[in-house]
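Encoded as structure tokens, the structure appears first; notes follow it.
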Amino acid sequence: MATMNRREMMRATTLGLGVGAWATSRGMAERSRPTERPNLIFILADDLGYGDLGCYGQEVIETPNLDRMAREGMRFTQCYAGSTVCAPSRCCLMTGRHTGHAYIRGNKRVPLPDGEVTVAEGLREAGYATAIVGKWGLGNEDTSGAPNRQGFDYWFGYLDQGHAHNYYPDHLWRNETKVALDGNVQHAQFQGVAQERRQYSHDLFTAEALDYLDRPHGQQPFFLYLAYTVPHANNERGRHLGDGMEVPDYGPYADRDWPDPEKGRAAMIARLDRDIGRLFDRLRALGLDGNTLVFFSSDNGPHSEGGSDAAFFHSAGPCRGIKRDLYEGGIRIPMIAWWPGHVPAGSVSDYAWAFWDFMPTALDIAGARPQDGLDGISVLPTLLGREQAPHEFLYWEFHERGFAQAVRRGQWKGLRLDPSKPIELYDLGTDTGETRNLAEAHSEIAARMAEYLETARVPSEHWPIAP
């Protein structure tokens, strides 16, 4: 057996594999044919609401490519983000833990530590090439949380979620090198606002993703995490100049009788849809479509920022609340899975799952076993159209504006929006909009939910419980 260095030994142990199992797993990965394990692509939008796509009921903004993806794949009606804001949601996606156990539980700049194992590290150990393009948000330069130090072979984009507000930045990062963007000149007075704008970061991310697909991967499957930033607002530009929905042009919506920020939101979503269409066209042209599993989702619910109002296009769909809420509108998100010949075409699933299930699912598909102690489970049976047992509980906590918690069990949803207030209880089976608080009518269920909330988390020095 080949000698393992200390880092490999640590990763093998953390992934739940003994030394012999690690060697066997690696040998199996090296001997397997590429058709046995699919390439994996996870496309993440930023602040896209449950109701922002045509296949989820959007009637104004056209999204033909994502609608086609849903027709050719599986559309989930009850999938959840890891959190109601950016960084913790992405941490759940990458690490398989919900926000009661995740290392990052808010947007404060706390990097992932060396000991954390990400889905990228697990897939790389299983023989996958790994790449991320877009927005990271889990550790800045020269920290343990930088993408190249968390399992990604290749990285291009924004490290910091605040930097990612600016669609015309003067630099991005390629691996651990700062890359200057010619023609993007920052405003002398307003930080985070470009005065001269030439290179739109979203377009650069699409070009990088297409280039990554074009690279010769040989017998090695790949994992591409494509984390777009649209339709997030440039909050700084919105504050200073009144319109934070920053986009090169309004496209098909230029002549609509709408406020400019709403034209910008619609144009961002249209641009996202257009470029996802280009991605699928490239997969087909390269002959990769038959052996690639693509996920599409959003990191949390829709925003009302940058001069735009989530209510204008009914971006939350039938759900109550928006970004920064633990009501369904803040955490229920679109999720589409596409894998021709495996994921049933035109299927719709009401299976309830969340971002922390992605890591176990991806490793299951790769033939690897995740470490013990994750909150997620593999939803591969559901993706293949089979029945599987539900989660007993799904849990969220949020640390802006005090401390709030939410839990889902079956059709029931419990929320405690303040530690000093009673729990709210909703029956999502009959009340998706969470309009009827049933805590008094179903006091035993409410008490069970409250009991669970007391034990659902471990303390965090970075995110203590605060009134």
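It should be emphasised that the depicted structure is a prediction, and the values quoted were computed from it without experimental measurement.
When the side-chain contact (heavy atoms from CB on, under 4.5 Å) test is applied to Asp182, the partners found at least two apart in sequence or on another chain are Arg198, Gln199. Listed by chain and number, the residues in a salt bridge (Lys or Arg N to Asp or Glu O under 4.0 Å) with Glu236 are Arg239 (sequence neighbours excluded). Not counting sequence neighbours, the partners of Asp260 by the salt bridge (Lys or Arg N to Asp or Glu O under 4.0 Å) test are Lys263. Listed by chain and residue number, nothing satisfies the salt bridge (Lys or Arg N to Asp or Glu O under 4.0 Å) test with Asp243 (two or more places apart in sequence, or in another chain). For the salt bridge (Lys or Arg N to Asp or Glu O under 4.0 Å) test, residues two or more places apart in sequence or in another chain that qualify with Glu72 are Arg68, Arg284. The side-chain contact (heavy atoms from CB on, under 4.5 Å) search around Glu62 returns Pro64, Tyr253, not counting sequence neighbours.
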What side-chain donor-acceptor pairs closer than 3.5 Å can you find for residues 133-140, not counting sequence neighbours?
unit_1: Lys135; atom_1: NZ; unit_2: Asp46; atom_2: OD2; d: 2.6
unit_1: Trp136; atom_1: NE1; unit_2: Gly145; atom_2: O; d: 2.7
unit_1: Asn140; atom_1: ND2; unit_2: Asp160; atom_2: OD1; d: 3.1

Let me check something: any side-chain donor-acceptor pairs from residues 357-366 under 3.5 Å, sequence neighbours excluded? List them with distances.
unit_1: Asp357; atom_1: OD1; unit_2: Ile377; atom_2: N; d: 2.8
unit_1: Asp357; atom_1: OD1; unit_2: His391; atom_2: NE2; d: 2.9
unit_1: Asp357; atom_1: OD2; unit_2: Ala354; atom_2: N; d: 3.0
unit_1: Asp357; atom_1: OD2; unit_2: His391; atom_2: NE2; d: 2.8
unit_1: Thr361; atom_1: OG1; unit_2: Asp357; atom_2: O; d: 2.6
unit_1: Thr361; atom_1: OG1; unit_2: Val379; atom_2: N; d: 2.9
unit_1: Asp364; atom_1: OD2; unit_2: Ser378; atom_2: OG; d: 2.7

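Looking only at atom types and distance, the side chain of Gln405 has no donor-acceptor partner in the side chain of Tyr452 under 3.5 Å away. A donor-acceptor contact under 3.5 angstrom links the side chains of His202 and Asp275, judged on distance only. Side-chain N/O atoms of Thr130 and Tyr225 include no donor and acceptor closer than 3.5 Å. Side-chain atoms of Tyr158 and Ser201 include a donor-acceptor pair closer than 3.5 Å. Side-chain contact, Asn300 with Thr84: no donor N or O sits under 3.5 Å from an acceptor N or O. In summary, the side chains of Asp52 and Ser315 do present a donor paired with an acceptor at a separation below 3.5 Å, with no hydrogens or angles considered.
Closest approach of Leu279 to Ala209, counting heavy atoms only: CD1-CB, 4.2 Å. Taking every heavy atom of both residues into account, His462 and Tyr103 meet most closely at NE2-OH, 3.5 Å. When every heavy atom of Gln58 is checked against every heavy atom of Val60, the shortest pair comes out as OE1-N, 2.9 Å.
By the 6.0 Å contact criterion, NE2 on His314 is open, its count of non-hydrogen atoms from other residues, nucleotides or ligands being 12 or less.
For Arg197 and Tyr167, the positive end is not near the middle of the six-membered ring at less than 6.0 Å and at most 45° from its axis.
Applying the salt bridge (Lys or Arg N to Asp or Glu O under 4.0 Å) definition to pairs two or more places apart or across chains, those involving residues 455-464 are Glu397-Arg457. Counting only residues at least two apart or on different chains, the ring-ring contact (aromatic ring centres under 6.0 Å, His included) pairs with a member in residues 78-99 are Tyr80-Trp396, His98-His101, His98-Trp356, His98-Tyr395. The list of ring-ring contact (aromatic ring centres under 6.0 Å, His included) pairs with a residue in residues 315-337, not counting sequence neighbours, is empty. Evaluation of the salt bridge (Lys or Arg N to Asp or Glu O under 4.0 Å) test over residues 293-320, restricted to residues two or more places apart or in two chains, returns Arg90-Asp299, Glu305-Lys323, Glu305-Arg324.
Note: Phe355 and Phe42 have perpendicular aromatic rings, judged against thresholds of 30 and 60 degrees for the angle between ring planes.
A salt bridge between Arg256 and Glu262 is absent, with no side-chain N of the basic residue lying under 4.0 Å from a carboxylate O of the acidic one. Taking the charged nitrogens against the carboxylate oxygens, Arg97 and Glu116 do have a contact shorter than 4.0 Å, which makes a salt bridge.
Side-chain atoms of Thr432 never come within 3.5 Å of backbone atoms of Cys319 as a donor-acceptor pair (strictly under, hydrogens ignored).
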